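Before any comments, here is the structure.
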Amino acid sequence: MTTPADSTPRDGRTALPEAWMREVDLSLSLAPHLLLTGNVRDLHQLPVPEGAVRLVTLQDVLWEVCRARGYGALLTLDPLRGLERVDDPEDPRAPAPRTEDRRTADARIADLLKRYEGTEFDSVELRGLLVALHDLFSGEDGLTVPVALVVPYAAHALPSDTLMRADRTLFTAIEALGHTAPTIPMPGRPGERAFGLTLIWVCEQQDHLPSAFPVASDSVRVIRLLRPNLDRRTQLAARFVRRVFGAEAQEEELKSVAGATDGMTARQVHTTVRTAATLPPGPTVFSDAARLVRVGITDDPWAGDAVRRQLAGADAYLSRRVLGQPTAVRKTVDVLTRAAVGLTGAQSSAARNRPRGVLFLAGPTGVGKTELARAVTTLLLGEEAQPVRFDMSEFRVDESRQRLIGAPPGYVGYDSGGELTNAVRAQPACVLLFDEIEKAHERILDLFLQILDDGRLTDSRGSTVYFSECFIIFTSNLGTQPTKEGNEKENDPDAAVHRAEELLQQFTHSPDAYFNHFRAAYEDFFDRKIGRPELRNRLGDNYVTLGFIDKEAASRVLDRSLDSVVTRVRTVHKTELVVSPDARHALMDAAVAKLGLGARGILNLVESSVVNPLSRELFHRPRTEGSRITLSDLIPENDENDGWRPVWD
């Protein structure tokens with residue numbers, strides 16, 4: 001907007017530096033209602049006559065603009081102290097076009113403040129205040145000095161439920177004030193008139209206002225305050241670096257601060273510089289500080305000694321947790337190490353806000369995808385930590401995206417937010433597990449485009465959530481689904497089991513063909529089936545295929561499972577369970593026969609063949625403390641024990 005002639009410096013005052021300030025200056029003579037939205041809670045740079053710049057609140061800026069326009073007073077509806085006067089009547093800079101008029105205005109405003117002292121403003125009281133302000137300019141003795149009232153938290157000060165008669169009356173009065181606002185001769189400008197009463201409504205987002213507020217009326221000017229641009233952030237950086245570090249900032253430092261704080265408020269720029277002072281010096285100190293400020297934490301959870309000690313033994317730990325998957329473990333350790341040293345996305349100049357790490361784990365059922373995600377969580381966050389898990393089979397329809405980011409305004413659950421955005425906001429440094437990602441609706445997958453590239457997501461309430469401290473894991477069964485051409489059991493609930501067994505037989509002697517099969521299914525899904533090759537590109541080289549477990553891994557899984565059962569019996573029943581070599585051999589034969597089901601198939605085998613019959617045995621014939629029970633053998637038999645009859649001693 002072109003700056004009007006009457007917004008140039010007056011009375012020796014420096015020109016208003018921000019476009020929105022100049023728009024407010026212009027709008028005072030154009031509309032009786034101003035609605036300020038956007039960056040309204042920030043600090044703003046305001047020049048002073050001496051040539052310096054000071055950081056002030058929005059109300060200070062408004063009074064500076066109103067003062068230069070000849071306003072006699074600026075009132076505010078403070079949520080803590082009620083109706084107050086922002087300006088100082090004794091300020092020598094305050095305009096006084098006519099001394100007697102100014103004295104009259106001060107006296108009548110003082111009476112108004114006294115009348116509403118300590119008032120809690122509901123719809124009735126607020127309407128009364130607006131009418132009283134309007135009446136100040138009525139009659140022959142009406143004020144000839146303009147006055148402004150600021151409502152700094154308009155969305156909360158105004159009623160949201162307009163069903164009450166008092167609420168409807170209030171909004172009617174607000175709209176009527178816009179149409180019948182009193183005008184007075186403009187101070188210092190013969191022949192021109194101005195609005196005697198200006199109401200300035202302030203809220204972060206326009207859609208937070210009640211629907212009855214007359215936003216669309218010609219009497220309301222909507223002015224949006226933007227966050228500081230690059231030039232403003234550079235000026236702020238110079239000011240804050242000098243204040244925090246006690247020295248003038250170098251040009252490279254200013255560029256670093258200004259670039260790293262893109263989209264931040266002046267307060268956040270200040271916090272970034274203060275955070276940088278607590279971090280080890282280095283070329284990325286301001287970028288690191290900005291990232292930490294964005295996610296709402298001041299300490300880098302990845303830079304601690306505990307995480308580094310854990311990751312030092314990550315290879316051995318993950319190999320113990322996920323058996324028979326050396327390639328997947330090695331790839332996972334590489335991603336974790338890259339995340340710990342802050343080099344995730346280092347090849348891209350615009351990757352500072354990307355998630356700390358991303359893994360896409362593919363493979364048939366039971367090979368350890370979910371267990372690997374749990375192991376990564378334990379490494380990063382501690383023994384009791386669990387990943388924030390989302391079963392993507394629950395997000396098959398487009399409308400279910402509301403569960404992730406929240407319902408839109410006007411819908412049930414709007415105030416609750418989304419499950420995903422709430423989880424990351426509550427715990428910025430977390431492991432996010434999206435299980436069976438291929439089952440989600442295509443449009444829900446679009447959310448990950450922004451998460452993986454920019455490391456942020458805007459929820460339904462307009463708040464930005466940052467994922468720069470998250471480790472994201474996707475799991476998928478792509479490549480294991482039954483084919484329409486060659487599998488008549490496509491609708492069979494055990495189709496996945498049959499398909500896994502087919503894949504095992506098909507690729508037992510050709511590992512390369514196995515991995516190529518799953519990679520091709522992965523690329524086909526994103527490139528052709530859902531048409532999102534850009535999402536696959538954002539996943540980059542973080543795709544990992546987990547292979548079928550071999551006999552050695554199956555033996556270790558079986559032993560671990562049996563040891564777990566023995567420990568539980570000893571702890572709960574004070575009884576020693578012994579599994580004989582013959583029984584173990586029988587279980588091993590059964591496990592090898594169904595390697596296509598992976599580790600989960602072995603666990604199910606132990607449950608059906610050992611745990612279930614053992615539970616019945618202990619229930620009907622409880623053992624005394626210190627006794628022993630031996631599983632001496634398992635006899636093949638077609639009964640309720642999945643083909644096995646245990647023999648107990």
Side-chain angles (χ1 to χ4, degrees), residues 313-314 316-326 328-329 364-379 381-387 389 433 435 475 546 548-634 640-649:
Y317 176 78
L318 294 178
S319 297
R320 290 195 303 271
R321 289 282 299 267
V322 185
L323 302 176
Q325 302 292 348
V329 166
T365 180
V367 296
K369 301 187 294 294
T370 304
E371 180 63 19
L372 182 55
R374 294 193 182 107
V376 167
T377 307
T378 300
L379 268 177
L381 304 178
E383 192 64 36
E384 301 298 324
Q386 293 292 326
R389 181 177 178 274
L433 172 59
D435 223 354
T475 70
L546 281 74
F548 286 108
I549 64 174
D550 55 21
K551 291 182 180 180
E552 180 184 354
S555 178
R556 295 171 61 189
V557 171
L558 177 61
D559 288 340
R560 180 182 295 178
S561 179
L562 291 174
D563 289 343
S564 178
V565 176
V566 169
T567 301
R568 181 70 64 85
V569 172
R570 182 186 302 123
T571 302
V572 176
H573 296 277
K574 304 298 186 292
T575 298
E576 194 68 26
L577 172 65
V578 178
V579 180
S580 71
D582 290 340
R584 186 198 178 281
H585 183 73
L587 287 169
M588 188 62 199
D589 287 343
V592 170
K594 294 185 177 181
L595 284 181
L597 300 181
R600 186 172 290 114
I602 298 175
L603 298 180
N604 291 339
L605 173 67
V606 172
E607 181 181 51
S608 62
S609 301
V610 179
V611 176
N612 289 345
L614 177 61
S615 300
R616 290 192 292 270
E617 178 72 16
L618 292 175
F619 182 81
H620 294 294
R621 287 180 289 277
R623 271 31 176 201
T624 59
E625 184 174 338
S627 62
R628 173 181 293 191
I629 181 172
T630 301
L631 176 60
S632 59
D633 202 357
L634 286 167
E640 67 275 11
N641 295 330
D642 194 23
W644 296 96
R645 179 170 61 84
V647 178
W648 304 104
D649 290 336

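Everything numeric in this text was worked out from a predicted model, so none of it was measured.
- In terms of the side chain to side chain donor-acceptor pair (under 3.5 Å) criterion, residue partners of E617 (sequence neighbours excluded) are, by chain and number, R621, R623.
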**Report entry** Stepwise side-chain contact (heavy atoms from CB on, under 4.5 Å) check, R570 with L577
**Finding:** CA-CA 7 Å; R570 182 186 302 123; L577 172 65; over 6 Å; no
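- Between the side chain of T575 and the backbone N or O of H573 there is at least one donor-acceptor pair closer than 3.5 Å.
- Between A385 and T378, the shortest heavy-atom distance links the atoms O-OG1, 4.3 Å.
- Atom CD of E371 and atom CG of L318 lie 10.0 Å apart (nearest 0.5 Å).
- Contact check for D435 versus R389: side-chain heavy atoms found under the 4.5 Å cut-off.
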Requested in this report: Show the numbers, then the answer: is there a side-chain contact (heavy atoms from CB on, under 4.5 Å) between L372 and Q325?
Outcome: CA-CA 10 Å; L372 182 55; Q325 302 292 348; over 6 Å; no
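- At distances below 3.5 Å, not a single donor-acceptor pair connects side-chain atoms of S561 with backbone N or O atoms of L603.
- K369 places a side-chain N or O within 3.5 Å of a backbone atom of P364 that can act as its donor or acceptor partner.
- Residues forming a side chain to side chain donor-acceptor pair (under 3.5 Å) with R374 (at least two apart in sequence, or on another chain): none.
- When atom types are taken as modelled, the side chain of S627 and the backbone of T624 share a donor-acceptor pair closer than 3.5 angstrom.
- In this structure, the side chain of S580 engages the main chain of L631 through a donor-acceptor pair within 3.5 Å.
- When all heavy atoms of L605 and A590 are compared, the pair lying nearest together is CD2-CB, 3.7 Å.
- Counting only heavy atoms from C-beta outward, the side chains of Y317 and L379 approach each other to under 4.5 Å.
- In plain terms, the two heavy atoms of R321 and A375 that are nearest each other are NH2-N, 3.6 Å.
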Report task. Give the intermediate values and the outcome of side-chain contact (heavy atoms from CB on, under 4.5 Å) for residues V606 and V565. Result -> CA-CA 9 Å; V606 172; V565 176; 4.2 Å; yes
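- Within the 4.5 Å cutoff, the side chain of V610 has heavy atoms near those of the L587 side chain.
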**Report entry** side-chain contact (heavy atoms from CB on, under 4.5 Å) between I602 and I549, intermediate numbers included
**Finding:** CA-CA 11 Å; I602 298 175; I549 64 174; 3.9 Å; yes
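- Put simply, the side chain of E576 does not reach to within 4.5 Å of the side chain of I629, judged on heavy atoms.
- Listed by first and then second residue, the salt bridge (charged side-chain N to carboxylate O under 4.0 Å, His left out) pairs that reach into residues 555-568 are D559-R584, sequence neighbours excluded.
- Across V322 and V367, no two heavy atoms sit closer than the pair CG1-O, 4.3 Å.
- T475 places a side-chain heavy atom less than 4.5 Å from the side chain of L433.
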